[in-house]
Amino acid sequence: MSTDGNKKQFWKRNTAKVPGSIQHVYGAQHPPFDPLLHANLIKAGNKPQMTPGGKPKKATTFQEFESITSDAWDVGDDDDELLAMAAQNLNIEVVMETANQVIENHSKQQEKQRQDDADTSELEDREEEEAHEEEVEEQGEEGEESTPEVSFACEPSPLSDGRLVKSLSEAPIGSPKDASLHRQQSLPHRPTIPMVARIADQNTSGTPAMTEREASRLDKFKQVLAGPNTDLEELRKLSWSGIPRQVRPITWKLLSGYLPANTERRESTLQRKRQEYFGFIEQYYDSRNDEHHQDTYRQIRIDIPRMSPECLMLQPMVTEIFERILFIWAIRHPASGYVQGINDLVTPFFVVYVFEYIKEEVENFDVSSLQEAALRNIEADSFWCMSKLLDGIQDNYTFAQPGIQRKVKALEELVSRIDETVHVHMQQYEVEYLQFAFRWMNNLLMRELPLRCTIRLWDTYQAEPEGFSHFHLYVCAAFLVRWRKEILDERDFQGLMILLQNLPTMHWGNEEVSVLLAEAYRLKFAFADAPNHYKR
């Protein structure tokens, strides 16, 4: 015990005098050096001031201590108040309490300023944005608003000098207003891509200002459609590169064969076909719960909620319309009946014909707000145009779906000729074309592309002779080869299947679809008239 006491007394007496004594390593397991809390510590490398008697002079005030450790930190003008307080030998608890109070007051003031700026910005945004954009933004940023500090630390913010600031504390902010600005800039920018088109895509949806080229194309369409007898060949040529939104409904009806080319006969044809469809409703729809039809109707009811886009399909009015269209088609086509996949083919027609009555985007539009006459017209027109489409590919949906089997086989043969490396790579990992391409043929790529791209794709299909039944094969081949790099990067069966069933096309638009169609046309030009070229 006495030995331990001597040790303690020795170190207590000699701690400040023993050269080379062990010092705390700051920045590792210890806090930074605090002159207020460690006023009696002196760096080993600094020589203490000597009194005339040769003994070290003990620092009795903060200024004296600072003068013999001047290399430890830089003294600035902002420290005068703190230095004065320390010079008066204030109690450390009082100093810490004051410091904490200053920090707390500053934090409250800064947070209040941020809140005021955020409220002002939010008010301006609400006045400028449309109602449906507000709903999308609120849903997308709900999680971020609850814990904003998380996104500050995770999302880098670009500054004017090209340097990335990872968090708000690293940004050169001079005022609370600047802090609010950098706070907004640090949030991730997630543009809302319309369900039917990009916001600048006049050919598909929305009503932004048209470019000169788009206005010129629209004028050409109107000139062709204005004649007493529409030149369908000229209309197909114009439509191949995309149809402007304003004239898409009438153009699709003409190119699908639903409406006659003669303008005088169109109105009477529309009235007759619409009455005929609702005659089918009265005649057949009540039988949906009969024993020999209830299985078909039940399957339709199961499939509709699974369709895309959900925001449209989950509306009760839309669900009822789709149930009637699909059930009546199945009753009138007993050779195939209803087959999963047919339900997807109604959606593009329905959305395009809704645009005939609205100007805004369709994402959050309440279809039930349309007049009853408009809804009846949309429903009947969608039924007849879908029927015209299915007439050309009905063998895709008859027993054993022979049409799809043939097309998948033709796709395999075609890809083996145009890109043997991709073909061999999939063979190496035992990926069968039927495992991924069956859905491409059954749903006409609707599950692989956003709806806006499907509508643009169908512009060309409507313009192309046998577009849905024949040209679609070359589009699928071009689509597969488009992902050549990603396919070759996958080195196992599971990775390839996950890729091929979840291709990253969410942000595709007209440009990507146009390139895809151009490549498909090149393949068709090379192989369509010489099928033996791609048969081994």
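Just so you know, these numbers use all the heavy atoms, side chains as well, and skip hydrogens, waters and symmetry mates.
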Salt bridge (Lys or Arg N to Asp or Glu O under 4.0 Å) contacts touching residues 466-478 (sequence neighbours left out): none
Inter- and intrachain pairs under salt bridge (Lys or Arg N to Asp or Glu O under 4.0 Å), touching residues 474-484, at least two apart: Asp419-Arg484
Closest non-hydrogen atom pair, Ala477 against Leu523: CB-CD1, 4.0 Å
Glu214/Arg217 salt bridge by N-O under 4.0 Å criterion: no
Set of residues satisfying ring-ring contact (aromatic ring centres under 6.0 Å, His included) with respect to Tyr433, sequence neighbours excluded: His423, Phe436
From Leu238 atom CG to Thr251 atom OG1, the distance as rounded to the nearest 0.5 Å: 9.0 Å
Partner of Phe322 by side-chain contact (heavy atoms from CB on, under 4.5 Å), out of Asn343, Thr347, Asp303: Thr347
Pairwise distance CG(Leu444) to CG(Leu449) - rounded to 0.5 angstrom: 11.0 Å
Atom of Leu345, atom of Ile393 and distance for their closest heavy-atom approach: CD1-CD1, 4.5 Å
Expected output: side-chain Arg266 to main-chain Pro260 donor-acceptor under 3.5 Å: yes
Residue pair Leu375, Tyr357: steps toward the side-chain contact (heavy atoms from CB on, under 4.5 Å) verdict: CA-CA 10 Å; Leu375 289 171; Tyr357 299 92; over 6 Å; no
Within-4.5 Å side-chain heavy-atom neighbours: Ser336 and Trp329: yes
Side-chain (Arg439) to main-chain (Glu448) donor-acceptor, under 3.5 angstrom: no
Residues forming a ring-ring contact (aromatic ring centres under 6.0 Å, His included) with Phe493, sequence neighbours excluded: none
Please table the atom pairs, donor to acceptor, closer than 3.5 Å between any side-chain atom in residues 218-226 and protein atoms at least two apart or in another chain.
none

Where Ala374 and Leu370 come nearest, the two heavy atoms and their spacing: CB-CB, 4.5 Å
Beyond-backbone contact of Val346 with Phe383, side-chain heavy atoms, under 4.5 angstrom: no
Side-chain heavy-atom pair Leu414, Tyr474 within 4.5 angstrom cut-off: yes
Neighbour count above 12 (heavy atom, 6.0 Å) for Arg301 CZ: no
4.5 Å side-chain heavy-atom contact, Met313 and Pro305: no
Side-chain donor or acceptor of Arg452 paired with backbone N/O of Trp508 under 3.5 Å: yes
Atom of Val367, atom of Gln315 and distance for their closest heavy-atom approach: N-OE1, 2.9 Å
Beyond-backbone contact of Leu411 with Phe479, side-chain heavy atoms, under 4.5 angstrom: no
All pairs passing salt bridge (Lys or Arg N to Asp or Glu O under 4.0 Å) where residues 386-395 contributes a residue, at least two apart: Asp395-Arg406
Arg456: which of Thr460, Thr454, Asp459 passes side-chain hydrogen bond (donor to acceptor under 3.5 Å, both in side chains): Thr460
Of all pairs that satisfy salt bridge (Lys or Arg N to Asp or Glu O under 4.0 Å), the ones with a partner from residues 495-509, not counting sequence neighbours: none
For Arg376, salt bridge (charged side-chain N to carboxylate O under 4.0 Å, His left out) partners two or more places apart: none
Side chain to side chain, Ile487 and Val481, heavy atoms closer than 4.5 Å: no
CA sep, side-chain torsions, deciding dist, call: Asn396, Asn442, side-chain contact (heavy atoms from CB on, under 4.5 Å): CA-CA 7 Å; Asn396 284 7; Asn442 190 53; 5.6 Å; no
Beyond-backbone contact of Trp440 with Lys407, side-chain heavy atoms, under 4.5 angstrom: no
Flag side-chain contact, heavy atom, 4.5 Å: Met426 against Leu500: yes
For Glu234, all residues meeting salt bridge (charged side-chain N to carboxylate O under 4.0 Å, His left out), sequence neighbours excluded: none
ring-ring contact (aromatic ring centres under 6.0 Å, His included) partners for Trp252, two or more places apart: Phe349
Member of Gln246, Lys253, Arg248 meeting the side-chain hydrogen bond (donor to acceptor under 3.5 Å, both in side chains) criterion with Glu356: Lys253
Partners meeting ring-ring contact (aromatic ring centres under 6.0 Å, His included) with Tyr521 (sequence neighbours left out): Trp240
Stepwise side-chain contact (heavy atoms from CB on, under 4.5 Å) check, Leu259 with Thr230: CA-CA 11 Å; Leu259 285 184; Thr230 302; over 6 Å; no
Give the table of side-chain donor-acceptor pairs shorter than 3.5 Å for residues 280-292, with sequence neighbours excluded, one pair per line with atom names and distance.
from, atom 1, to, atom 2, distance (Å)
Ser287, OG, Tyr284, O, 2.5
Ser287, OG, His293, ND1, 3.3
Arg288, NH1, Tyr285, O, 2.9

